[in-house]
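Beneath this line is the structure, given in structure tokens, with notes to follow.
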Amino acid sequence: MRPIRTTLTPEEMPKKWYNILPDLPEPLAPPLDPGTKQPISPSALEAIFPKALIAQEMSSERYIDIPEEVLQAYMLINRPSPLQRATRLEEALGTPAHIYFKREDLSPAGSHKTNTAFAQAYYNMKEGVTHLTTETGAGQWGTALSLASSYFGLKCKVFMVRASYDQKPYRREIMRMYGAEVNPSPSPLTEFGRKLLAKDPKHPGSLGIAISEALETCIKDGNAKYSLGSVLNHVMLHQTIIGQEAMLQFQKLGETPDYLIGCVGGGSNFAGFTFPFIGQKLKGKLDAEFIAVEPTVVPSLTKGKYEYDFGDTAGMTPLLLMYTLGHDFVPSAIHAGGLRYHGAAPTVSALVKSKVVKPISYQQKEVFEAAHLFAKSEGIIPAPETSHAIKAAIDLALEAKKNNEEKVIAFNFSGHGLLDLGGYQQYLDGKMA
Ligand SMILES: *Cc1c(COP(=O)(O)O)cnc(C)c1O
């Protein structure tokens, strides 16, 4: 028997998160106050975030301890997660390459997002916060935060992009099963939502609009804080548990990855998987390539501008220096809902700018073809977001075949697609444009 999984024991789980900020080629440009356009003071963020997360957002410490309670919660979400070899996919492709994927789909919420949801809920609970507000697009982030809120005894109010609220009713029910309140966005609950609904009662919503509504709700409620599932430095930090585990797993295997791949919406699963390895590369200890994959129709990293922009549509968030398509960009209705965001994390953007990370993009149909081959070979249905990373891994494996090279290719399996079958149904029925 050939083993296909490399596992770690709970004792082997990394006890610190890795902060890439002190290792970046250039210091990260500070977030700006939307009013004054000057660097924002940490205290200005206290209306929306707990102090511990603001400190992490700006920290220059390379390693930050993971609290005991969060380590305990990580076991509930099946950490440490296995690193799996896609031997059947390798055979189907006839490639000499070794293809590995990190199983972030094994969290009960179905994606990597619980890695930061539990950390954020924990720090809010510690500082006496009783309510969290947040947005969700396809529903993965809302699901993760609903679960983490329930675990740490917080109430969670989710604004869900209306198009997904109607298209993906089961994600909504999962959030409600975890005890959250779920509202379609735009909603009549906020001033911004009411303004949009007055113009168009059937407004489909967007992630940027839902962020604006969650922020407005948080600011009006004294006991609430706001929680974001991607983009910010502290979110990338929490996700580095993924890459640090993977580094230990590659050591156990005696393999060194040549390519590390992740899909990018806001950038958190990519960052979590690659940053620990990028830290090694920046110190000259690893010679690997890092590939960020996005949809052709939301090309922030491949075609966006590198400039200061808002994180939301109403212009309430601090301005962040990032690759962006503009905060009023309206993405087309692709099935990879988690990749429909106008910008990308400032840290990931800076690494693209300095050419440490290479961005590429794919069309929806070729991504779904890759997902189909993967599902038939490995038995796991990937989230449409994850399928972008799979497509890139397959292309690199085919290039290795052409050159007859035994490359080691690894991608982050950010989540499963068992609630995305509507999209796969369209593809299988030949109804995908
Ligand atoms: C949210 C999500 C993404 C995209 O978000 P990132 O912050 O870029 O990771 C990708 N895959 C899955 C499964 C998701 O839920």
Side-chain angles (χ1 to χ4, degrees), residues 77 81 101-117 120 134-147 158 160-161 164 168 171 174-175 207 210-211 227-243 261-275 290-295 298 300-301 311 320 322-323 331 334-349 351-352 357 359 361-362 367 371 374 380-392 411-420 423:
I77 56 171
S81 80
F101 58 108
K102 182 74 170 146
R103 298 286 309 267
E104 293 303 306
D105 59 307
L106 297 178
S107 163
S111 81
H112 67 288
K113 293 211 172 71
T114 37
N115 297 329
T116 184
Q120 293 192 42
T134 197
E135 70 292 330
T136 196
Q140 288 112 324
W141 169 241
T143 310
L145 193 68
S146 300
L147 170 57
V158 183
M160 182 172 189
V161 175
S164 306
K168 306 198 179 201
R171 286 221 202 267
I174 295 174
M175 289 185 256
L207 211 49
I211 296 176
S227 182
L228 189 64
S230 189
V231 181
L232 299 177
N233 301 341
H234 66 266
V235 181
M236 308 294 128
L237 172 79
H238 301 151
Q239 293 293 354
T240 59
I241 184 79
I242 305 173
I261 305 164
C263 62
V264 172
S268 72
N269 89 86
F270 173 81
F273 184 53
T274 61
F275 279 9
F290 304 94
I291 296 159
V293 192
E294 60 185 15
V298 195
S300 51
L301 293 175
L320 302 171
M322 60 182 176
Y323 280 101
I334 51 166
H335 294 288
L339 307 187
R340 294 173 73 229
Y341 184 66
H342 65 273
T347 43
V348 173
S349 293
L351 288 162
V352 168
V357 168
S361 70
Y362 287 116
V367 162
F374 186 86
I380 311 165
I381 313 281
E385 292 85 354
T386 310
S387 305
H388 287 73
I390 297 175
K391 168 66 178 158
F411 67 89
N412 194 32
F413 197 92
S414 55
H416 71 66
L418 292 175
L419 292 165
D420 301 287

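Counting convention: from 1, in listed order, for ligands and their atoms alike. No experiment lies behind these values; they were computed from the predicted model shown.
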TODO: For a side chain to side chain contact (heavy atoms under 4.5 Å, CB included) with His388, tell me which candidate from Leu339, Ile261, Val264 qualifies.
DONE: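 For His388, the side chain to side chain contact (heavy atoms under 4.5 Å, CB included) check succeeds only for Leu339.
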
- [ ] Apply the side chain to side chain contact (heavy atoms under 4.5 Å, CB included) test between Pro382 and each candidate in Cys263, Ser387, Ser414; give the one that qualifies.
- [x]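 Exactly one candidate clears the test, Ser387.
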
Measuring from atom [atom1] of [X] to atom [atom2] of [Y], what distance do you get when rounded to the nearest 0.5 angstrom?
{"X": "Ile242", "Y": "Ser268", "atom1": "CD1", "atom2": "OG", "value": "7.5 Å"}
{"X": "His112", "Y": "Arg103", "atom1": "NE2", "atom2": "CZ", "value": "15.5 Å"}
{"X": "Asn115", "Y": "Ile241", "atom1": "CG", "atom2": "CD1", "value": "7.0 Å"}
{"X": "Asp105", "Y": "His416", "atom1": "CG", "atom2": "NE2", "value": "7.0 Å"}

Atom indices of ligand 1 within 4.0 angstrom of [X] heavy atoms, with elements:
{"X": "Val264", "result": "8 (O)"}
{"X": "Gly415", "result": "13 (C)"}
{"X": "Glu385", "result": "10 (C), 11 (N), 12 (C)"}
{"X": "Gly267", "result": "6 (P), 7 (O), 8 (O)"}
{"X": "Ser230", "result": "6 (P), 7 (O)"}
{"X": "Ser414", "result": "10 (C), 11 (N), 12 (C), 13 (C)"}

Open item on the list: Return the closest protein heavy atom for atom 4 (C) of ligand 1 as residue, atom name and distance.
Closed with: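 The answer is Gly338 O, 3.4 Å.
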
TODO: List the closest protein heavy-atom neighbour of atom 6 (P) of ligand 1: residue, atom name, distance to the nearest 0.1 Å.
DONE: Ser268 N, 3.4 Å

Open item on the list: Before you tell me yes or no, could you show the steps for Gln239 and Thr116 under side chain to side chain donor-acceptor pair (under 3.5 Å), namely the whole-Å CA-CA distance, both residues' side-chain angles and the distance that decides it to 0.1 Å?
Closed with: CA-CA 6 Å; Gln239 293 293 354; Thr116 184; 5.4 Å; no

Open item on the list: Quick check: Phe101 with Phe374 (ring centres under 6.0 Å apart)?
Closed with: yes

Pick one of side chain, backbone, both or neither for how [X] approaches ligand 1, counting any non-hydrogen atom pair under 4.0 Å.
{"X": "His112", "result": "side chain"}
{"X": "Asn269", "result": "both"}
{"X": "Ser111", "result": "side chain"}

- [ ] Please verify whether a non-hydrogen atom of Gln239 lies at under 4.0 Å from ligand 1.
- [x]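 Judged by the 4.0 Å heavy-atom criterion, Gln239 does not count as contacting ligand 1.
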
Open item on the list: Regarding atom 3 (C) of ligand 1: of the candidates Glu104, Gln140, Lys113, which has the closest heavy atom?
Closed with: Lys113

Open item on the list: What I want to know is whether Cys263 and ligand 1 share at least one N or O pair that is separated by under 3.5 angstrom.
Closed with: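 Such a contact does not occur with ligand 1.
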
Open item on the list: Taking the six-membered ring of Phe413 as reference, does the cationic atom of Lys102 (NZ for Lys, CZ for Arg) lie under 6.0 Å from its centre and within 45° of its axis?
Closed with: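 Verdict for Phe413: no cation-pi partner in Lys102.
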
